[in-house]
Amino acid sequence: KNEVEQSPQNLTAQEGEFITINCSYSVGISALHWLQQHPGGGIVSLFMLSSGKKKHGRLIATINIQEKHSSLHITASHPRDSAVYICAPYNTDKLIFGTGTRLQVFP
Amino acid sequence: GAVVSQHPSWVICKSGTSVKIECRSLDFQATTMFWYRQFPKQSLMLMATSNEGSKATYEQGVEKDKFLINHASLTLSTLTVTSAHPEDSSFYICSARQGLTKNIQYFGAGTRLSVL
């Protein structure tokens with residue numbers, strides 16, 4: 001079993017839909033990154049959080065340390081949100097990467 | 001936000017040659033840099049952790065003599081793939097971390113290596 005599980009693996013949506021991507025992990029962590037990887041490969045860190053909730057524009061990330069679970073939400077999704085979203089918890093000073101969720105948003 | 005520049009973004013080389021990839025932190029001092037490899041449709045895999053002025057720490061299964069890492073300054077780390085073979089073809093990504101903000105990593109744009 002992977003230490004980091006993301007669901008769903010693939011997700012398609014119509015423009016404007018509310019998107020939720022879930023991440024569960026089995027190891028103890030100090031913090032967790034949500035990353036966005038575009039088709040060209042470049043990676044952008046969307047959030048780093050260790051408790052509660054963070055919001056940036058249309059993106060919201062939440063984490064429940066006790067339940068070892070984090071979610072990434074995208075409100076009013078747009079085709080430019082199409083990318084792979086990766087959950088990456090910090091464990092023993094290293095990032096552990098989930099397999100990613102491939103999101104496609106159609107106009 | 002902090003910027004990490006990775007160069008080149010794409011390289012093709014012949015089997016047996018060596019390829020050097022650079023990772024620079026442009027507006028901060030990176031005490032630690034990480035090198036990752038990603039195969040198509042797979043997750044990132046940590047290859048090694050590089051601390052400025054000291055030897056890199058390689059993950060299990062990564063050949064240190066094949067993947068030479070140098071972190072000679074607080075803004076530059078290099079990864080050299082020596083005697084490259086087609087199976088080394090992959091996407092290589094670096095990230096950098098400031099000393100005081102241990103949980104935040106800034107990623108380079110990646111280097112796509114194709115070995116013919």
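Labels below follow one simple rule: chain letters A, B, ... track the order of the sequence lines, proteins then strands, and each chain is numbered from 1.
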Treat each ILVMFWY residue as a node, draw an edge where side-chain heavy atoms are under 4.5 Å apart, and state whether [X] and [Y] are in one component.
X     : Y     : result
B:L74 : B:I69 : no
A:V27 : A:I63 : yes
B:L76 : B:L79 : no
A:L72 : A:L49 : yes
A:L46 : A:V84 : no

Give a yes or no on whether A:E67 atom CD has more than 12 heavy-atom contacts from other residues, nucleotides or ligands under 6.0 Å away. no
More than 12 heavy atoms of other residues, nucleotides or ligands under 6.0 Å from NE2 of A:H38: is that the case?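 More than 12 heavy atoms, drawn from other residues, nucleotides or ligands, come within 6.0 Å of this atom.
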Of all heavy-atom pairs between A:L95 and B:Y36, which one has the smallest distance, and what is that distance? CD1-OH, 4.0 Å
Closest non-hydrogen contact found for B:L46 with A:K94 is CD2-CD, 3.7 Å
Cut-off 4.5 Å, heavy atoms of chain B, and the answer for A:L35 is side chain
Please flag which part of B:Q6 lies under 4.5 Å from any non-hydrogen atom of chain A: side chain, backbone, both or neither. neither
Between [atom1] of [X] and [atom2] of [Y], what distance do you get to the nearest 0.5 Å?
X      : Y     : atom1 : atom2 : result
B:S43  : A:Q37 : OG    : CD    : 9.0 Å
B:Q105 : A:M48 : CD    : CE    : 10.5 Å
B:I104 : A:F47 : CD1   : CZ    : 13.0 Å
B:Q38  : A:I43 : CD    : CD1   : 6.0 Å

Within the distance-only criterion (no hydrogens, no angle test), does the side chain of A:S45 pair as donor or acceptor with the backbone N or O of B:Y106 below 3.5 angstrom?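 Side chain of A:S45 to backbone of B:Y106, a donor-acceptor pair under 3.5 Å: no, none is there.
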